[in-house]
Structure formats: C-alpha cells, structure tokens
Amino acid sequence: LKQVYGVWPMPQHISHFTERYVLHPHQFSYKYSSDSAARHGCSLLDAAFKRYFRIIFPDFEGGTEFRKTWSEAKPFTVSVSVRTVGCDEYPNQDSDESYNLSVSAGEAMLRAESVWGALRGLESFSQLVYEENYNSYYVNKTEIVDFPRFPFRGLLLDTSRHYLPVHVILKTLDAMAYNKFNVFHWHIVDDPSFPYQSRLYPDLSNKGAFHPVTHIYTQSDVRKVISHARFRGIRVVPEFDSPGHTQSWGKGQPDLLTTCYKRTGPSGTFGPINPSLGSSYQFMSNLLKEVSSVFPDTFVHLGGDEVDFACWKSNPNVQAFMAKMGFGNDYKKLESFYMESIMNISAAFNKTAIVWQDVFDFSKQIRTQYVVEVWKRGCYLCNMHQVAKAGLKIILAAPFYLDLPGPTHNWARYYTVRPLSFKGTEQQKKLVIGGEVCMWGEYVDAANLSPRLWPRASAAAERLWSDEEQTSSVEKAFPRLQDFRCKMIREPGLDRDSYTLQHHKRLD
Ligand SMILES: CC(=O)N[C@H]1NC[C@H](CO)[C@H](O)[C@@H]1O
C-alpha cells in the first residue's frame with residue numbers, strides 16, 4: 001500500500017487506518033451539515049469547496065473520462081459544520097482555527113468553531129487524498145483533532161527591494177494556506193522604492209516607485225490581495241517602516257527626511273524622517289489614518305529598525321530639538337520619542353503596533369502596549385527573555401530569515417528551532433504569540449521567490465502549528481516534507497506540468 005504521508009503541518013492528534021475508500025469526482029461533494037451555523041451562501045466556504053474540489057481532482061475536466069474507476073466508487077460527502085457563523089468577517093488575532101475531522105466510509109465529518117477552523121480542516125482533508133494510479137483517488141479512514149500551537153504564524157514579503165507582481169503575491173498566499181500560515185506581513189515600502197499608491201499622497205509612488213505605473217500597488221491591487229488572503233483565512237498586516245528605511249519616501253514628500261550636514265552645510269544626502277519637525281508627525285498621522293482604513297487588520301507594523309543616528313547628529317535643527325527635549329546626546333531617546341509618538345497615533349486609529357526589537361532595545365520606558373518582533377541574530381532567546389520580562393508580546397523572526405541563501409540555510413535549520421526554550425516563567429512564555437519567516441527582497445524577485453521560499457518555509461510552518469514533542473525528529477519529517485512539497489504544486493498551470501512528471505516518476 002502506498003505510504004500514507006498524512007498532513008503537513010502535523011495535526012495535534014491524528015490517527016490513520018488502513019481501511020480506505022475510492023473517490024471519484026462524479027460521486028464526490030462538499031455540503032453544509034444541517035446543524036451548521038454557516039450555510040450555502042457563505043461565500044468564503046462556498047468558494048473553498050470549489051477551490052478544494054479542483055485541488056483534489058486536478059485532472060478532472062467535468063467530462064465522463066476515467067469511467068473505469070467509476071463503478072468502484074461510492075458517493076462520498078465532506079460535511080462541514082461550523083458552530084459560529086462569520087463568513088463576512090476578517091480573521092484576527094483571536095480567531096479560533098481549531099477543527100475535528102473524521103473520515104469514514106462515504107463521509108468525512110468536519111466540525112469547527114469558526115469558518116477559519118473549517119478552512120484549516122478543508123486543507124487537511126485535501127492532503128489526505130492521494131492518487132494511486134493515474135486518476136484513481138483514495139482516502140484512508142482517519143481521525144483528526146487539531147488546533148494551532150501559536151495564533152500568529154506569519155510570512156514577510158518585501159516588495160520594495162524588488163517589486164513583486166500581484167499574481168506572485170496571490171500565489172504565495174495560496175501556498176501559505178497549504179501550510180496553515182495565517183498572517184501575510186507585507187513589508188510594502190523601504191529605502192529603494194515606494195510602490196504603495198497612496199490616496200492622500202500620490203506623489204509617494206509617482207516619484208518613489210521604481211516605475212509610477214508598472215511597479216506600483218493601486219488601491220484595487222491592495223484590495224485584491226486582502227480579499228484573496230481573507231478567503232484563505234490569512235490576515236494582511238502592512239508595514240510602513242520608519243523613521244529609517246525611508247529613502248524612497250523623500251522623493252515624493254519633500255522636507256520629510258532629515259537633511260544631513262557636513263561641516264560647512266547640507267551634504268546633499270538625506271537620513272531618517274526628521275523627528276524635530278511637527279510636519280513629520282502630521283504627515284505620519286495622515287498616512288497612518290489612510291493605512292488604518294485601507295488595511296482592516298487590527299495590527300499594523302511600524303518598523304523602527306536600523307535607525308542610523310549620524311545624520312540626525314549632523315543636523316542643527318535636530319541638535320536644537322535634542323537640547324529642547326533634554327535628551328542630552330542620547331539619540332536613542334530621540335528614536336524612542338518618535339516611535340512612541342507614532343505608536344500613539346496608530347493606537348488612536350484602534351491599531352495594535354508591531355515594531356522591530358530595536359524599539360524595545362532603545363527604550364524600556366515606552367508606556368503604550370506594543371508587540372515586539374525579535375529579529376536580531378545572536379542570542380535571540382536572550383532577547384525574547386528580556387522582552388517577556390517587560391511583559392510585552394513577542395513574535396519570533398530571528399531564526400527564520402529565509403532570504404539569506406547558502407548551504408547552512410536548509411530546512412532542518414528552521415525545523416529545529418525551539419521558540420519557547422528561553423529562560424522564563426510559563427506566564428512569560430505565553431507572551432510569545434508566534435513567529436514569522438522573513439523573505440527580504442535584496443536578492444529575491446519573481447524569478448526566484450518560490451524556490452527560495454518553499455519548502456523551507458514549510459519547516460517553520462510545522463514548528464509554528466504543530467506540537468513540538470511530536471515533531472522533534474528531522475529524520476521522521478524528511479519523507480513527509482518531500483511528499484508535501486509535491487502536493488504543494490497542485491494548482492493548474494505551469495507548476496502542474498512539472499508536478500505531473502515528478503509525481504508519476506516517483507510512483508513508477
Ligand atoms: C528588521 C530587518 O531585518 N531589517 C533589515 N535587516 C536585514 C534584512 C536582510 O536580511 C533586510 O535588509 C531588513 O530590511
């Protein structure tokens with residue numbers, strides 16, 4: 001019997017049985033069970049039923065082909081029961097993604113608290129179906145009780161160092177759903193380019209994008225990404241990184257960046273946003289107000305990483321501001337003042353701020369609650385311990401930087417990360433809301449994104465969803481990951497052809 005590889009990420013509880021059932025597209029259907037709060041018309045699940053039918057039966061064109069296996073197959077129904085409806089909502093930090101799946105003769109019963117859990121269960125069911133000979137599909141009797149270890153399981157794409165076409169972002173969202181990632185961290189702008197087309201400040205992309213028409217994200221592009229993500233139970237958290245990493249902002253917003261000085265006067269170069277001008281905070285308030293309405297998620301990422309103080313130190317207005325504020329010569333206080341100001345601005349728009357750990361490292365006395373993304377190499381467990389002691393929530397990214405190529409960065413390196421192995425109380429460990437893989441764009445564009453992202457990111461996906469004790473062996477994971485990698489190449493189109501060849505080669 002073909003080895004049944006099961007589901008990736010590994011469910012919390014799964015039992016496989018040898019009894020199996022023949023599936024045939026003509027006798028297969030999804031339906032809402034009578035006790036489900038969500039019913040036909042719940043566009044999120046109706047769309048998922050169609051999507052997963054195509055994923056399970058990729059070669060089925062609706063005709064009467066492959067009649068031969070027809071006779072053996074009996075009707076098979078996937079019945080979905082959702083306890084609390086919520087088809088038109090957005091996923092959020094508190095969404096319940098748990099589900100139970102029971103596969104037996106003629107029926108798979110999928111029970112979930114919410115539509116988000118139902119989506120996770122539909123993904124798991126689709127991975128249980130396997131093809132033994134061309135167009136003969138089977139599913140084994142299986143029992144699953146599943147829920148995520150961490151509620152925040154993110155993937156960062158950087159669309160500033162290289163522009164990523166919208167269809168590439170959508171494909172990445174598809175693959176994220178196969179892996180049960182649930183947050184797309186859109187690092188949308190940075191030093192090299194500003195591709196976000198702002199309603200309020202169109203010059204930011206007109207002058208700051210690599211190209212003002214072909215290399216931008218219009219409001220409708222952004223809406224398309226947010227909708228595609230929502231249909232897959234994925235949140236979109238935008239990052240407008242500041243005050244550093246803002247060179248492209250200065251192209252479309254004059255006087256925003258700090259003018260750097262050399263001895264005799266302006267050097268012609270610009271540095272971080274100028275924190276000594278009221279106009280900077282007015283601009284950030286206007287921009288964050290727009291961003292807060294365009295992106296529905298309750299989180300917004302404000303950046304705060306790698307601020308170079310040299311330019312601030314050289315500028316006489318900034319020097320005068322330092323004196324006025326009594327910051328002495330400690331520019332960390334200036335960065336903290338700026339970050340606390342924009343965190344208060346985003347709080348006013350009912351957003352929870354995520355910032356890079358630099359903000360925490362620079363100041364321990366920022367009063368507002370915010371989430372710290374730990375990213376620096378070195379002892380990230382030590383850094384997590386410091387943040388947890390301060391009572392702040394943590395997202396772990398440091399060991400999951402996938403953009404850095406090289407032989408040491410293979411999947412096992414991410415698979416063996418143990419996010420809670422820092423010293424600290426159970427209470428402090430509860431502050432770790434999850435982790436994130438980062439695909440920075442210095443060396444990545446549409447030509448090499450997918451092979452650099454997958455299946456290495458899948459290793460982190462299992463670390464963030466599954467029970468650590470049950471998934472501690474690299475050796476045991478390897479054949480499962482190898483099988484899952486092929487399953488991921490499942491949507492029609494170019495990928496499909498390579499998959500078909502690869503798949504049948506492996507089976508012969
Ligand atoms: C938070 C953070 O990571 N900031 C920078 N650090 C190095 C990265 C590349 O690996 C990117 O350049 C990124 O912009």
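Every number for a ligand or one of its atoms is a count from 1 in the order of the listing. Note that this is a predicted model, so its numbers are computed, not measured.
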Counting only non-hydrogen atoms and a 4.0 Å cut-off, the residues near ligand 1 are Arg161, His245, Asp305, Glu306, Trp356, Trp375, Tyr401, Asp403, Leu404, Trp440, Glu442

May I ask you to check whether Phe484 and Tyr178 place their ring centres under 6.0 Å from each other?
no

Applying side-chain hydrogen bond (donor to acceptor under 3.5 Å, both in side chains) as the test, list every pair that has at least one member in residues 260-270; sequence neighbours left out.
Ser267-Thr269

Less than 6.0 Å separating the ring centroids of Tyr380 and Phe422?
no

Should we count NZ of Lys376 as having more than 12 external heavy atoms under 6.0 Å?
yes

Can we call the ring centroids of Phe337 and Phe321 under 6.0 Å apart?
yes

Is a side-chain donor or acceptor of Ser205 paired with a backbone partner of Gly208 at a separation under 3.5 angstrom?
no

